[in-house]
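Index from 1, following the sequence.
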Amino acid sequence: MDTKSTDRMGAGSMMPLGAGNEQTEAMLNVQKELLGAYEDASRAWLARVKSEVDLWSGLAAKLTQTRSMPEAVAAYQECVAQRMRMAAEDGQRLAEECQKSMSKMTRALSSNGWPSAGA
């Protein structure tokens, strides 16, 4: 090996020194993308918690205004139906967030020279 090639290679390494930097940069990019996705999810879930508080506070307000048992039961039914819709939306949101995270990781790792599972 000539001296120019040894200058570009790590001691005892068969890989150019820049290759490690590329992988480090790729990993940092993956972490930045995931952190951004987690921040977005955190904001969405915080808003979701607020809507849950509003739902139950609204029920309490309605119950204080009811004058009969049928009115109270109707208020409970409405609240429970809304809560069930919210739970379904929560499940959908969670599945979407997991899918986005996995897609970002897969795309970032595969486009930056990381070996795939089959390689």
Atom of [X], atom of [Y] and distance for their closest heavy-atom approach:
{"X": "Ala75", "Y": "Leu59", "value": "O-CD1, 3.6 Å"}
{"X": "Thr66", "Y": "Leu63", "value": "OG1-O, 2.9 Å"}
{"X": "Leu55", "Y": "Cys79", "value": "CG-SG, 3.7 Å"}

- Hydrophobic side-chain clustering at under 4.5 Å (ILVMFWY, transitive links): who's grouped with Val80? Put none if nobody. Met84

- Query: Rest of the hydrophobic cluster containing Trp45 (Ile/Leu/Val/Met/Phe/Trp/Tyr, side-chain heavy atoms under 4.5 Å)?
  - Reply: Leu94

- Task: Kindly write out the residues that satisfy side-chain hydrogen bond (donor to acceptor under 3.5 Å, both in side chains) with Glu78, not counting sequence neighbours, or none if the list is empty.
- Result: Lys62

Among residues at least two apart in sequence or on other chains, which ones pass salt bridge (Lys or Arg N to Asp or Glu O under 4.0 Å) with [X]?
{"X": "Arg48", "result": "Glu52, Asp90"}
{"X": "Arg67", "result": "none"}
{"X": "Glu25", "result": "none"}

- Side-chain donor/acceptor of Ser42 to backbone N/O of Tyr38, under 3.5 Å: no

In Å and rounded to the nearest 0.5 Å, what is the [atom1] to [atom2] distance from [X] to [Y]?
{"X": "Glu96", "Y": "Ser101", "atom1": "CD", "atom2": "OG", "answer": "12.0 Å"}
{"X": "Gln82", "Y": "Trp56", "atom1": "CD", "atom2": "CH2", "answer": "10.0 Å"}
{"X": "Tyr76", "Y": "Glu71", "atom1": "OH", "atom2": "CD", "answer": "14.0 Å"}
{"X": "Thr24", "Y": "Asn29", "atom1": "OG1", "atom2": "CG", "answer": "11.0 Å"}

- Taking a hydrophobic cluster as the set of Ile, Leu, Val, Met, Phe, Trp and Tyr residues connected by side-chain heavy atoms closer than 4.5 Å, whether directly or through intermediates, do Leu34 and Met102 fall within one such cluster? yes

